[in-house]
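Working notes, beginning with the structure itself.
Keep in mind it's a predicted model, so treat the numbers as computed, not measured. Position 1 is the first residue of the sequence, and the numbers go up from there. Values below: all heavy atoms of this structure, side chains included; hydrogens, waters and symmetry mates excluded. In listed order, ligands and their atoms are each counted from 1.
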Amino acid sequence: MQDVQNMHGDTKWFTHDRFGMFIHWGLYALPARHEWVRHNERISNEDYEKYFKHFDPDLYDPGLWADAASNAGMKYFVVTTKHHEGFCLWDTKMTDYKAPNTPYGKDLIRPMVEAFRSKNMRVGFYHSLIDWHHPHFTIDRLHPLRDDPNREELNQGRDIRQYAQYLHAQVRELLTNYGQVDVMWFDFSYPGENGKGKDDWDSENLIAMVRELMPNVILDDRFDLPYGWDIKTPEQYQPREWVKVDGKPVVWEACQTFSGSWGYHRDEESWKSVDQLVQMLIDTVSKGGNLLLNVGPTGRGELDYRALDRLKGIGEWMYRHSRSIYGCTQAPDEFVVPQDCRFTYNPDNKRLYLHIFAWPFEQLHLDGFAGRVEYAQLLNDASEIRWSERKNEGDLLTLHLPVQKPNVTVPVIEIFLK
Ligand code: GLC
């Protein structure tokens with residue numbers, strides 16, 4: 001048995017690369033109204049079968065997805081190998097409920113892994129601990145049949161230990177048959193009354209197996225053990241500061257959607273703007289975190305035109321500004337960040353990046369910076385930014401800005417410290 005309590009994945013590349021693509025894809029792309037549609041509408045296996053029978057993403061080309069991710073500046077991806085619905089995207093030997101048995105007829109994961117690897121991107125597998133389709137997954141407070149009058153009777157024949165064996169066997173397949181996997185993203189535990197947690201998943205043995213098969217893999221924190229995880233995973237909100245556990249800063253990754261749904265949702269309109277998304281990425285790195293930004297491909301196998309639009313806009317900003325993201329983290333506390341701005345900091349070359357969310361009129365004041373700056377430039381065009389200092393006023397350094405905001409989503413000033 002691996003000593004999972006003291007084993008950890010390799011997060012060095014992760015905290016350098018900062019930005020990844022989450023991909024939520026499955027049968028739920030066909031109802032196209034959220035990946036929790038089975039839960040929300042209490043849909044039985046039988047009534048959900050029509051989506052299995054009609055799943056045929058004939059336009060699927062993972063090379064296009066990898067291009068869109070890479071051009072947006074993303075350096076890794078995490079794809080749902082199986083979501084809560086139980087449908088498997090890869091050619092698993094453990095069930096017939098898989099992509100090769102749909103009209104599409106093939107493994108979806110292998111070409112995706114190959115396409116993203118060809119773009120030098122790291123590979124991550126999301127794997128749902130929850131499985132609303134499996135015959136031995138007991139009906140609980142989240143299950144689509146939770147209100148079925150025959151629920152107790154239906155549960156009589158179910159043995160969660162058999163489901164746990166299935167769960168472990170599939171994770172073994174994924175960590176054996178697809179080459180190096182850099183991130184394993186389990187989702188999620190809900191212990192307590194009528195819930196499921198570490199005992200249901202047999203988490204201790206699951207994580208020991210993961211560490212045996214892929215020792216350096218990065219593990220998320222949702223398998224209900226207080227140890228063995230590598231990253232904390234705040235979801236759908238921006239932490240106010242660097243995420244801490246027991247008072248100590250930890251490696252963390254915020255996962256966020258473009259709109260209000262992880263899976264493709266045709267009619268959901270709360271799509272974030274490019275400005276909001278770029279500011280979200282900057283804000284995350286300014287607090288020492290990673291951003292995993294989600295796309296929900298359609299039932300034809302394409303990225304939604306709205307997602308492609310946002311990815312293009314993010315990519316345009318990253319093309320000239322990725323230096324303020326890759327290899328950067330939270331700036332030292334001594335640097336007081338001005339209002340409506342964020343600092344990121346590259347500790348290797350000691351460069352400070354000032355991201356300006358609201359463009360001020362001609363002047364931007366940096367308290368305590370007098371005598372500390374050797375040179376400053378706008379990152380988008382490397383045009384010099386001059387400044388003046390007033391030693392007698394709290395070591396104030398005032399940057400002199402052009403009246404017009406540079407024609408970029410978020411202007412960044414690269415500050416070379418003495
Ligand atoms: C929540 C949602 C799940 C989604 C996950 C992504 O757990 O229930 O649908 O896959 O967040 O982090």
- Item | Nearest-neighbour protein heavy atom for atom 7 (O) of ligand 1, which is reported as residue plus atom name and distance | D187 OD2, 3.0 Å
- Query: Do R110 and E114 touch side chain to side chain, with heavy atoms closer than 4.5 Å?
  - Reply: yes
- atom 4 (C) of ligand 1: the protein heavy-atom neighbour that sits closest, reported with distance to 0.1 Å: H24 NE2, 3.5 Å
- Task: Identify, by atom number and element, the atoms of ligand 1 in contact range of E35, meaning under 4.0 Å from any of its heavy atoms.
- Result: 3 (C), 9 (O)
- For atom 12 (O) of ligand 1, find the nearest protein heavy atom and state the residue, atom name and distance (0.1 Å precision). E235 OE1, 3.0 Å
- Atoms of ligand 1 less than 4.0 Å from C255 heavy atoms? 12 (O)
- Note on the structure: ligand 1 to H83, heavy atom cutoff 4.0 Å, flagged ligand atoms 3 (C), 4 (C), 9 (O), 10 (O)
- Message: How about NZ on K244, more than 12 heavy atoms from neighbouring residues, nucleotides or ligands closer than 6.0 Å, or not?
- Response: yes
- Query: Would you call the rings of H24 and F22 parallel, tilted or perpendicular, where under 30° means parallel and over 60° means perpendicular?
  - Reply: perpendicular
- Numbering as shown, the atoms of ligand 1 that approach Y126 to under 4.0 Å (heavy-atom distance): 10 (O)
- Task: Taking the side chain as every heavy atom from C-beta outward, state whether Q256 and Q238 have any atom pair closer than 4.5 Å.
- Result: yes
- One finds that the ligand 1 atoms under 4.0 Å from a non-hydrogen atom of H84 are 3 (C), 8 (O), 9 (O)
- Message: Are more than 12 heavy atoms, taken from residues, nucleotides or ligands other than N407, located less than 6.0 Å from that residue's CG atom?
- Response: no
- Identity and separation of the nearest protein heavy atom to atom 8 (O) of ligand 1: W36 NE1, 2.7 Å
- Query: Which ligand 1 atoms, with their elements, are less than 4.0 angstrom from a heavy-atom of F188?
  - Reply: 7 (O), 8 (O)
- Query: Would a line drawn from the ring center of F335 to the ring center of F369 be shorter than 6.0 Å?
  - Reply: yes
- Message: Can you see whether S273 engages D275 through a side-chain donor-acceptor pair at a distance of less than 3.5 angstrom?
- Response: no
- Can D67 and K119 be said to form a salt bridge (charged side-chain N to carboxylate O under 4.0 Å, His left out), step by step? CA-CA 8 Å; D67 285 345; K119 288 287 180 183; 2.9 Å; yes
- Query: Considering only heavy atoms, does Q236 approach ligand 1 within less than 4.0 Å through its side chain, its backbone, both, or neither?
  - Reply: neither
- Would C255 and V78 satisfy side-chain contact (heavy atoms from CB on, under 4.5 Å), going step by step from the backbone distance to the final call? CA-CA 11 Å; C255 55; V78 178; over 6 Å; no
- Task: Just jot down the ligand 1 atoms closer than 4.0 angstrom to any heavy atom of R222, in number order.
- Result: 7 (O), 11 (O), 12 (O)
- Query: Quick check: does W185 get an N/O under 3.5 Å from an N/O on ligand 1?
  - Reply: no
